[in-house]
Each structure stands twice: as C-alpha cells, then as structure tokens.
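Written out below as structure tokens is the structure these notes cover.
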2 protein chains.
Amino acid sequence: MAQKIIPNIVIGRLPVYLRTLQYMLEEGRQVTSSQELGERLGFSAAQIRKDLSQFGEFGKQGTGYNIQYLADQLQGILKVNRDWDVVVVGAGDLGSALARYQGFANRGFHVKMIFDSDSQKIGTEIGKFIILDSADMITSIQAAGIRIAMIAVPASDAQEAANQLVKAGVKAILNYAPVNLSVPHGVRVQYIDPVIHMQHMTYYN
Amino acid sequence: MAQKIIPNIVIGRLPVYLRTLQYMLEEGRQVTSSQELGERLGFSAAQIRKDLSQFGEFGKQGTGYNIQYLADQLQGILKVNRDWDVVVVGAGDLGSALARYQGFANRGFHVKMIFDSDSQKIGTEIGKFIILDSADMITSIQAAGIRIAMIAVPASDAQEAANQLVKAGVKAILNYAPVNLSVPHGVRVQYIDPVIHMQHMTYYN
DNA sequence: TAGATTGTTAATCGATTAACAATC
DNA sequence: TAGATTGTTAATCGATTAACAATC
C-alpha cells in the first residue's frame, strides 16, 4: 500500500504549532482556529489547515480546533507523547549549558550523560552530572539504548564524535559545531550555528 | 529601476557556502567547483550555481571557483566583510555560554555587553564581562549603536526583552527563548530552539 | 437561521533540476 | 585539442494560496 510521504517542510512546522498550542493551554484557552494560530505565528491560515490535513481531521467546522486535542495529536505524530533520553558530547561552556538547560525536561527530553575527552574535566561535576570519558561513549550509549545526541565539541572534533555516535546506535544528532557532518542514511542531523543565523540577518542590514 | 529581490531561502544558504569555503581555505585549497561544494553540503551542483548566479559571475568555465575570491564576494554580499557588535540579554547558563563562545569573534561578531535583571547577578563577572542591569539596556545599546542582539532569557521575558531591544535600535535578534516574537517591520528575528529541532527528528524515529 | 470555520480542490506561485551552449 | 565546468534557460517539481462546499 502506497504510504503517503509527508513533506519534510511540513514536519518542521509541526513542533512550532505544538509549542504555540501549549502556550495557549497555559493561558487557559480551550479552542483556537487556523486563523488565530496563523496570526500568532506569521503563517497563513490556509497553510496551517493544509499542514494539519496531511495527518487527519482535527477540527470542527464553525468552531475551530480543540487545543488540548490537537496538541495531543501533534505529540503523537511527532512521537513526543513519550520521553526521550539524550546525551551531550562536549562539556565546554555550551555542553554544560545544554546539560543544565531546564527547557528540555518539561518537553520530554532528558539529558542522561555528558562526555568529554579532556582528562581535566572527566570525573568532575556539572549540575547533577559527572562528566564521562568520551572513550567510553560507544559502550555507554549502547548500553543505555539512547537514540538522540547533541554535539557541542570544537568543529575539528565534530565528525569523529558523529562517527562514534552513529556506531553507538544514535539516530538523531543536534549538531552545535559549525561544520557539516556526513552520516549514513537513516541518521538525521539538525544544525544549530548561531553565526549562520546572524549572517543571514546582516544581509538585510 | 526594478531592484531584483533575491529569495530569502537563497540568502539563508550563502552563510553555509561561506563557512565551507573558509574550511577549504584552511585546508590550503585554492579552487573548487559547484559539484564539489554540492557533495560536501548535500546540495545539487545546479542549485549552487543558480544561487551564486543571482549575485554575479564568480567562476570560470572549465576551472570552477577561486575559493578565496568567492569567499570574499560572499562576505561582501552578506555584509560580513566588516565586524559587528552584539549584545546578549540574559546571563543564565546559556547567555553566559554565548558571551564566552569563541566561535563568534573569528567570524566577525563581537559580544560587547551582557544584561540581566537579577540583582544578584548584576555587577558580577562572566569571563571578561561585567553583567549589566537590564534597566539600562536601552540607553547603553543606543549609545553604543549596536544593531544585533541575542535573547537568552526565560520564555516569559523574551517579548519584553525584544520590545526594549527594538526601542534601542536593534535590527536583528537571535532568539534562544522558545517563543515567537512579534517585532515591527524592518527588524529581523531568527529562532534557535533545540527542542523544535529534536521534535523534528523524533518524527522519523 | 446566520455566522464561522473546517478540509479540500484547483490555481498560482516559487524553487529546483536538467540540459547545454559557451568557453576556459 | 579534449575535458571540465560555468551561467542560464526551459522544464519539472513542489509548496502555498485562494476559494468554496460542507457543516458545526
């Protein structure tokens, strides 16, 4: 049976919809519309309806969308109606900040380990974590069955870190190092390089 | 005279091209081709040629692109052939990591000030910075003529921070708080929310 | 009922790719 | 010269928007 492939660009918007719905819930709201969501996010109402319609019918004509219900559905679609364990590679300023970041746990992502290769750092504490030796990374991650990693090592070490993560069975990498990674098919990478974003904006200045 | 508007999506790729060219220079390379760049980045060669052709002719048939020359051109286009001063709002873990991040200076972005509203933090040091009082933010930024800011405050404070930055004359905001900001026309915002990226990847798991 | 809003279709718009003449 | 690679055009592909019947 022909499985419909949903455009990646649509998938990328769903977490943004979800985040906004969750804020609406916090505001005590119960119902919203494609129009309201669109205004809040700067998307067209038509686009939001189209995106959602890829996955089913979640609204009611004349009324709009029940926020709690739609949020639950989106969580299911994105597979974030469960918790995910995460590792951090690199215990510098950024890696440490990631390990301590409060914004992960309440959205279902739990940092479980943080690694570094610097013997000065290994064994020391960051918040509730003890920095582990990168040399043990593959076995530790495999043993824990962790599928998601964040790379926060220098650019020169990032590809090697990625290689090891892949060997350890990681399927999703959030890469903070300013380099493109090459990974096998089936492993996903997302990039966060603040300089890229800033250079995008300076163009318009 | 009809000024050609370059698609935003093209502008967004230029910094990635530039970054790769700069690595090639570090590797001692002199010349590259759209094909090689494409393979390295996972884009098609045609797309790279098309993107670049929006801005002029930078290559030579049969030979390819002189890396130094193309990098210089891209820097000019992106207006990063000069230095930019930046402020950080929020001196928590993330703001502190941003203030200390080494990856900015060597790409032309210089953090000049970091602000917080917590009286416990104001006046204390982060690296070479003394944390300034958010209450003085507008005047300090105006006086320094700074146009770029990074927001690293809790979600609940981000819109207010953005409002003040806009008042201070900031034109580009890199927002690490997990909320959509509403800003006047002429001010650009880029968003970095790691959870959004991770939720994008969990879909495929 | 009248008003609002969905889900969906068709039309439009925009971005990517294929192909190739030009030329180094 | 032969081979390589650009810049550009036209074709294709994909994404967004407009419009509206259905219906709450």
- Query: To the nearest Å, how far apart are B:F55 CZ and D:dT8 C1'?
  - Reply: 16 Å
- Item | Flag side-chain contact, heavy atom, 4.5 Å: A:V80 against A:R107 | no
- Task: Round to a whole Å and report the spacing from CG of B:D51 to C1' of C:dA15.
- Result: 10 Å
- Report the distance from atom CG of A:L70 to atom P of C:dT5, rounded to the nearest whole Å. 15 Å
- Note on the structure: Rounded to whole Å, CD1 of B:I6 lies from C1' of C:dG14 at a distance of 14 Å
- Note on the structure: Taken to the nearest whole Å, CD/B:E36 to P/D:dT5 is 10 Å
- Task: Write down the distance between CD (A:Q54) and P (D:dG14), rounded to a whole number of angstrom.
- Result: 13 Å
- Query: Which distance, rounded to the nearest 0.5 Å, do you find between the CG of B:L52 and the CD1 of B:I77?
  - Reply: 7.5 Å
- Item | Qualifying residues under side chain to side chain donor-acceptor pair (under 3.5 Å), relative to A:T202, sequence neighbours excluded | none
- Message: Can you give me the closest heavy-atom contact between B:V179 and B:Y191, atom names plus distance?
- Response: O-CE2, 3.3 Å
- Could you write nucleotides 17-24 of chain D as a row of B, S and -, 5' to 3', where a protein heavy atom under 4.0 Å of any base atom gives B, of only sugar-phosphate atoms gives S, and otherwise -? BBB--BBB
- If you check every side-chain atom of B:S34, which of D:dT16, D:dT6, C:dT6 has the closest atom? D:dT6
- What is the distance from CG of A:N66 to C1' of C:dT5, rounded to the nearest Å? 15 Å
- Apply the test side-chain contact (heavy atoms from CB on, under 4.5 Å) to residues A:H200 and B:N8: give CA-CA distance (whole Å), side-chain angles for both, the deciding distance (0.1 Å), then the verdict. CA-CA 9 Å; A:H200 188 157; B:N8 184 55; 2.8 Å; yes
- Task: Quick one: list whatever passes side chain to side chain donor-acceptor pair (under 3.5 Å) with A:Q159, sequence neighbours left out.
- Result: A:N163
- Item | A:Y65 vs C:dG7: side-chain N/O to OP1/OP2 distance below 4.0 Å | yes
- What's the verdict on side-chain contact (heavy atoms from CB on, under 4.5 Å) for A:Y65 and A:L21, showing C-alpha distance, side-chain angles and the deciding distance? CA-CA 10 Å; A:Y65 300 91; A:L21 292 167; over 6 Å; no
- Sequence neighbours left out, what passes side chain to side chain donor-acceptor pair (under 3.5 Å) with A:Q75? Give chain and number order. none
- Item | Intra- and interstrand pairs of DNA chain D - dot-bracket, Watson-Crick/G-U under 3.5 Å, | marks other strand | ..||||||||||||||||||||||
- Message: With salt bridge (charged side-chain N to carboxylate O under 4.0 Å, His left out) as the rule and sequence neighbours excluded, what pairs involving residues 53-76 of chain B come up?
- Response: none
- In whole angstrom, give the distance that lies between atom CD1 of A:I48 and atom P of D:dA15. 17 Å
